[in-house]
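First the proteins, then the strands, lettered A, B, ... as listed; each starts at 1.
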Amino acid sequence: MRRIASRDPNALRAMYDKYSSMVYTIGLRVLGRPEEAEELVSEVFWELWDKSSRYDRSRAAPTTYLVTLARSRAIDRSRRKANRTTGTVELVEEISPVIGITPLEDAELDEQRERVREALKGLTPNHRQAIESAYYDGLSHTEIAEKLGKPLGTIKTYIRQGLIHLRDALRNE
Amino acid sequence: MNEGLVSANPMREELEQLMMLYVVGLADESETARVEEWLASGDPVAQAVYAEASAVVHSLPQALPMRSPPRRVRDQLMLRVLASTQQPIQKTDSRTWGTWVTWSAGGLAAVLAITTVGLWQINRQTQSQLAMEMEQESRTNRLVASPYVRLAKLQAESFPGLPMTDPIRQAGGGLMYCAASNQFQLRIAKLCPPPPGRVYELWLISSTGEKIPAGTFVPDPNGTVTHFFQAPQGVEFEIAAITDEPPGGSPTPTGRIRLKGPLKILDP
């Protein structure tokens, strides 16, 4: 990020190669359509380049910052288009290989992903659905309660318990 | 995750849970105020808890099956990034003309009239230049936005005896080809003027080594080149190169290659 802030295009290219798949996948999950996910990738990495001074390394790791930015911009786009399509259909299609990263980086990312998948396995479907509705669709407690047909208090409990479980599972790794 | 962050008391645990709700966007107004007050207090623990909550919440996408965007998204982005690093065109120094106006106001009506006409002409030229730049930018944006783009990164062609101080070493740019419109755009920065009595000429070189002349140009006083042209039909190009040639160009290259780069065929 420091090299990006000093206007080094190679640094942005390296960041793109390592994390564009993550941003694109978030775009597909939130927006549903590949072309909208492509626009999201362009928007997020351009913002990373053009407004690099917004990054505060004391508050988040670069990956976390990038994912935060991607999720935020994806939800903004989704709200603008009033399109609540989740993109689940897209995600079960053929999975493209991730480009531009070394085998070692690929292995590290795989390991991280496996840890998160394992942590999510410990959630009940209700907990998971409630958390994903908040995270990917940007819904409020009330909206999630309406969507899932559960009482508001139950949804609040699902989300709180689910997040605690995730935190504890990832801490124990 | 950080083992040192495991909460030891209910108050702390509650704050940690609030922080996760805050990060995911589900904290209500009073909870948000509480969390933001804690973060603003300068308490390093608050920053650490925020960092952990962010890492936990934003790890969720890692569980999704990863898919890569098409290659052209990367190339279009990098083209835009590289264009943003080029030197801006130097603007007219308004203080010079201000001095002229002040001097003219001294009572020299004739000079004032001449200067006024001169200023009007310069203003018109500036407006014309601005309009041209805007048109170029618009064409670039259309080209970048189009699918099936190929790129060649142009760099100084190194050869034995080329001095390290040769100004051509500073030049760099790119050639972008849009198959949809069959149009090329050439952009170069920091290109030194060609030798006296010469111009630069762009060559497109096919897989069989055929060298197709694609147009002549000279850089502006800032060393910048922005040049659009239609590609010759029916030829697949693999390399772009620039030589210096006599005015008007040459049907075959006669000068030394100054800049060169492979034209990469990108995934649609």
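- Under the rule for a side chain to side chain contact (heavy atoms under 4.5 Å, CB included), the partners of B/S54 that lie at least two apart in sequence or sit in another chain are A/T64, B/V23, B/Y50, B/H58.
- Annotation: maximal heavy-atom pairing with chain B below 4.5 Å, among A/T63, A/V41, A/T68, A/I26, occurs at A/T68.
- Only the side chain of A/L120 comes within less than 4.5 Å of a heavy atom of chain B; its backbone N, CA, C and O stay farther away.
- Remark: A/D50 engages no residue in a salt bridge (charged side-chain N to carboxylate O under 4.0 Å, His left out) (not counting sequence neighbours).
- Residues of residues 25-34 of chain B lying under 4.5 angstrom from chain A, judged on non-hydrogen atoms, are B/L26, B/E31 in numerical order.
- Judged by distance alone, the side chains of A/R160 and B/Q17 do bring a donor and an acceptor atom under 3.5 Å apart.
- Looking at A/R71, only its side chain comes within 4.5 Å of chain B, counting heavy atoms on both sides.
- Among the candidates A/E114, A/E132, A/M22, A/K156, the residue making the largest number of heavy-atom pairs closer than 4.5 Å to chain B is A/M22.
- A salt bridge does not link A/R77 with A/E38: every distance from a Lys NZ or Arg NE/NH1/NH2 to an Asp or Glu carboxylate oxygen is 4.0 Å or more.
- Side chain to side chain, B/E36 and B/Y22 meet the donor-acceptor criterion of an N or O pair below 3.5 Å.
- Residues B/D75 and B/R72 are not paired through a salt bridge, judged by the lack of any N-O separation under 4.0 Å between the basic side chain and the carboxylate.
- Contact annotation for B/M20: both backbone and side-chain heavy atoms come within less than 4.5 Å of a heavy atom of chain A.
- Using a 4.5 Å cut-off between heavy atoms, A/W49 contacts chain B through its side chain alone, with no backbone atom that close.
- Between B/E13 and A/R167 a salt bridge is recorded (basic side-chain N to carboxylate O distance below 4.0 Å).
- Salt-bridge formation is not detected for the pair A/E143/A/K147: no Lys NZ or Arg NE/NH1/NH2 atom is positioned less than 4.0 Å from an Asp or Glu carboxylate oxygen.
- Between A/E118 and A/K121 there is a salt bridge, with a side-chain nitrogen of the basic residue lying less than 4.0 Å from a carboxylate oxygen of the acidic one.
- For A/L163, the parts sitting under 4.5 Å from any heavy atom of chain B are the backbone and the side chain alike.
- At a 4.5 Å heavy-atom cutoff, A/Y65 makes no contact with chain B through either its backbone or its side chain.
- The salt bridge (charged side-chain N to carboxylate O under 4.0 Å, His left out) search around A/E146 returns none, not counting sequence neighbours.
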